[in-house]
2 protein chains.
Amino acid sequence: MGVDCHHTESAHPGLEGVALADAVAAAVNKCERTRERLTPPRRRVLELLLEADGPMKAYDLIAAYGHDGEPAKPPTVYRALDFLERLGFAHRIESLNAYVPCRMEGTSHRAAFLICECCGAAQEFEPDFAPQFAAAESAGYAVRTVTLEARGLCPACKVEA
Amino acid sequence: MGVDCHHTESAHPGLEGVALADAVAAAVNKCERTRERLTPPRRRVLELLLEADGPMKAYDLIAAYGHDGEPAKPPTVYRALDFLERLGFAHRIESLNAYVPCRMEGTSHRAAFLICECCGAAQEFEPDFAPQFAAAESAGYAVRTVTLEARGLCPACKVEA
DNA sequence: GCAAAACTGTTATGAAATAACATAACTAAA
DNA sequence: TTTAGTTATGTTATTTCATAACAGTTTTGC
Ligand SMILES: [Zn+2]
Ligand SMILES: [Zn+2]
Ligand SMILES: [Zn+2]
Ligand SMILES: [Zn+2]
């Protein structure tokens, strides 16, 4: 992101220890309830996303995949990301080519992000797309998914701007 | 897009002849007023976007660049696209890795698109981001740009779905 | 069990974007 | 009108991002 950014405080510091275990356990539970399979590679990629301080690039995940330092093969990670996105455990941020774990509780939602162009933080929020959605539908469009990405400066970076 | 899509009618058929010349002339005028330089490669890429029936990939533009069939070098086209985006003559659609000419009259606006997942059409519309914008600002965020991409089925493709 | 479906491992390739550096063309002051 | 500063282009090579294809394995339902 900003090459000159020294605002190291992250909006979403990575999870560790109990918090990480809890988050993974919640995903395991949700998958059991919905008869989905949180297989080892899927679980590993979810862990990596949860542990990260910010959006992770696919090849960051590939590099970090093996506990022994061995990277994954690209399809392994991309397939896991497809699964995690499909189930709502992760989101792709198009304007960054990067991925984050979902921070919203609800089962289904439309993703929206505030992205800091200085420190790279990405904050998920629950958008109200009602107006845009209604406009699209009234124009005959059948909307399936909506993504919104707002780029600018986070509070921390705005100060020192 | 949809490999099985036969809905050839485009929401934005490419410009030809006088309409194309007019659109280019309008860009020339706007650049003269603002002391920006619509140089040959920039103008050529703008033409290609205006002539196209839908979103164009960067490498489509690269392949189509030369009137004699000679492709452009990638940086030529990417630099031109940067310029066109900066001046509001074109938009990048993140979820497609593709580009369209701006269809809105106003000088400054935030881009939003309805994207058909069947036929690939991308319809620009003027969004009202007031609620999201206000929420972001009240959270301390200084928003610079917002992009919204709604994916689904256009009226034509919805019928035959 | 057995067959179908879903998932993984692996190799290779394709698609998208940029780094780096040399050259050329405008622009405006000296 | 030199001359310096800025902006834009040409070119080569490389990096980054993502998927195709296919063989083999595990799970699931019958
Ligand atoms: Zn989410
Ligand atoms: Zn920041
Ligand atoms: Zn526009
Ligand atoms: Zn369509």
Side-chain angles (χ1 to χ4, degrees), chain A residues 1-3 27-28 31-49 55-68 70-87 89-100 120 149, chain B residues 1-3 27-28 31-32 34-49 52 55-68 70-87 89-100 120 149:
Chain A
M1 230 57 247
V3 291
V28 170
C31 285
E32 282 174 354
R33 286 198 303 277
T34 55
R35 283 192 165 68
E36 296 281 353
R37 297 164 58 190
L38 190 64
T39 57
R42 293 167 175 180
R43 178 180 171 142
R44 177 61 181 144
V45 171
L46 177 60
E47 277 176 7
L48 289 170
L49 290 175
M56 288 282 276
K57 301 265 199 178
Y59 275 71
D60 294 339
L61 296 166
I62 287 167
Y65 185 86
H67 292 285
D68 55 359
E70 276 301 298
K73 304 290 171 63
T76 300
V77 164
Y78 279 105
R79 287 165 178 161
L81 288 170
D82 287 345
F83 171 87
L84 295 172
E85 279 200 84
R86 184 162 57 78
L87 269 71
F89 291 131
H91 299 292
R92 172 179 168 82
I93 301 182
E94 296 286 350
S95 60
L96 297 178
N97 289 355
Y99 302 82
V100 291
E149 299 179 11
Chain B
M1 227 61 244
V3 291
V28 170
C31 285
E32 283 175 354
T34 56
R35 282 192 167 66
E36 295 282 354
R37 297 163 58 190
L38 190 63
T39 57
R42 292 166 175 180
R43 177 181 171 140
R44 177 61 181 146
V45 171
L46 176 59
E47 277 177 8
L48 289 170
L49 290 175
M56 290 280 277
K57 301 267 200 175
Y59 276 73
D60 294 339
L61 296 167
I62 287 165
Y65 184 86
H67 292 286
D68 56 356
E70 277 299 297
K73 305 289 173 60
T76 301
V77 164
Y78 280 104
R79 287 166 177 162
L81 289 170
D82 286 346
F83 171 85
L84 296 172
E85 280 199 86
R86 183 162 57 77
L87 269 71
F89 291 133
H91 299 293
R92 172 179 167 82
I93 302 181
E94 296 286 351
S95 62
L96 297 177
N97 290 354
Y99 302 83
V100 291
E149 299 179 9

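Any value given below was found using the heavy atoms of this structure, including those in side chains, with hydrogens, waters and symmetry copies removed. Numbers restart at 1 for each chain; the letters A, B, ... are given by sequence-line order, proteins then strands.
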S.K.: Using whole Å, what does the distance between atom C1' of nucleotide dA15(C) and atom CG of Asp60(B) come to?
M.R.: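 After rounding, the gap between these two atoms is 11 Å.
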S.K.: Name the nucleic acid region contacted by Arg42(A), choosing base, sugar-phosphate or nothing; use a 4.0 angstrom heavy-atom cut-off, strictly under.
M.R.: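 Contact class for Arg42(A): sugar-phosphate only.
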S.K.: OP1, OP2 of dA16(C) versus side-chain N and O of Arg92(B): anything below 4.0 Å?
M.R.: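 So the side chain of Arg92(B) is outside the cut-off, no N or O lying under 4.0 Å from OP1 or OP2 of dA16(C).
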S.K.: Mind telling me whether Tyr78(A) and Tyr59(A) have parallel, tilted or perpendicular rings, with 30° and 60° as the class edges?
M.R.: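 Plane angle over 60°, so perpendicular.
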S.K.: Hey, which of these two, Arg35(B) or Ala58(B), hits DNA chain C nearer its 5' end, going by closest nucleotide?
M.R.: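 In this pair, the answer is Ala58(B).
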S.K.: Relative to the 5' end of DNA chain D, which residue comes earlier, Pro75(B) or Asp82(A), by the nucleotide with the nearest heavy atom?
M.R.: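 Result: Pro75(B).
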S.K.: Closest to the Tyr59(A) side chain: dT19(D), dC17(D), dA8(D)?
M.R.: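 The closest nucleotide is dC17(D).
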S.K.: Whole angstroms only, please: what is the CD1-C1' distance between Ile62(A) and dC17(D)?
M.R.: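 The distance from CD1 of Ile62(A) to C1' of dC17(D) comes to 9 Å, rounded to the nearest Å.
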S.K.: Pick the closest DNA chain D nucleotide for Glu36(B) and for Pro74(B) by heavy atoms, then say which residue is nearer the 5' end.
M.R.: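 In this pair, the answer is Glu36(B).
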S.K.: With a non-hydrogen cut-off below 4.0 angstrom, is Pro41(B) in contact with a base, only sugar-phosphate, or nothing?
M.R.: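 Sugar-phosphate, no base atom in range.
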S.K.: Can you measure Leu87(B) atom CG to dT7(D) atom P for me and round it to whole angstrom units?
M.R.: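 Rounded to the whole Å, the gap is 14 Å.
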S.K.: Glu149(B) side chain to Glu94(B) main-chain N or O, any donor-acceptor pair under 3.5 Å?
M.R.: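 Yes, because the side chain of Glu149(B) sits within donor-acceptor range (under 3.5 Å) of the backbone of Glu94(B).
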S.K.: What distance separates Leu87(B) CG from Leu38(B) CG, expressed to the nearest 0.5 Å?
M.R.: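 Answer rounded to 0.5 Å: 9.0 Å.
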S.K.: Decide yes or no for Leu48(A) and Asp60(A): does some side-chain heavy atom of the first lie under 4.5 Å from some side-chain heavy atom of the second?
M.R.: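 With C-beta onward as the side chain, the pair stays apart.
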S.K.: Glu85(A) has an atom CD; how far is it from atom C1' of dA18(D), in whole Å?
M.R.: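 The answer, rounded to whole Å, is 13 Å.
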S.K.: For Arg92(A) and Asn97(A): C-alpha separation, side-chain torsions, deciding distance, then whether side-chain contact (heavy atoms from CB on, under 4.5 Å) applies.
M.R.: CA-CA 7 Å; Arg92(A) 172 179 168 82; Asn97(A) 289 355; 3.1 Å; yes
S.K.: Could you give the CG-to-P distance, from Leu38(B) to dT7(D), as a whole number of Å?
M.R.: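 To the nearest whole Å, that distance equals 18 Å.
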S.K.: What is the distance from CZ of Arg37(B) to C1' of dA25(C), rounded to the nearest Å?
M.R.: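 Distance, rounded to whole Å: 7 Å.
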S.K.: Does dA25(C) have its OP1 or OP2 closer than 4.0 Å to a side-chain nitrogen or oxygen of Thr39(B)?
M.R.: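 Checking dA25(C) against Thr39(B), no side-chain N or O comes under 4.0 Å of OP1 or OP2.
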S.K.: How is Arg79(B) classified with respect to the nucleic acid when contacts are heavy atoms under 4.0 Å: base, sugar-phosphate, or nothing?
M.R.: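 Base, at least one base heavy atom under 4.0 Å.
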S.K.: Take the protein atom NZ of Lys73(A) and the nucleotide atom P of dT13(C), then report the distance between them rounded to whole Å.
M.R.: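 Nearest whole value for this atom pair: 15 Å.
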S.K.: Counting only side-chain N and O atoms of Lys57(B), is one of them less than 4.0 Å from OP1 or OP2 of dA15(C)?
M.R.: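 For dA15(C), neither OP1 nor OP2 has a side-chain N or O of Lys57(B) closer than 4.0 Å.
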S.K.: Which of these nucleotides, dT12(D), dG10(D), dA16(C), is closest to any side-chain atom of Asn97(B)?
M.R.: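 So the nucleotide nearest the side chain must be dA16(C).
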S.K.: Atom OH of Tyr78(A) and atom P of dT13(C): how far apart are they, to the nearest Å?
M.R.: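 Answer to the nearest Å: 19 Å.
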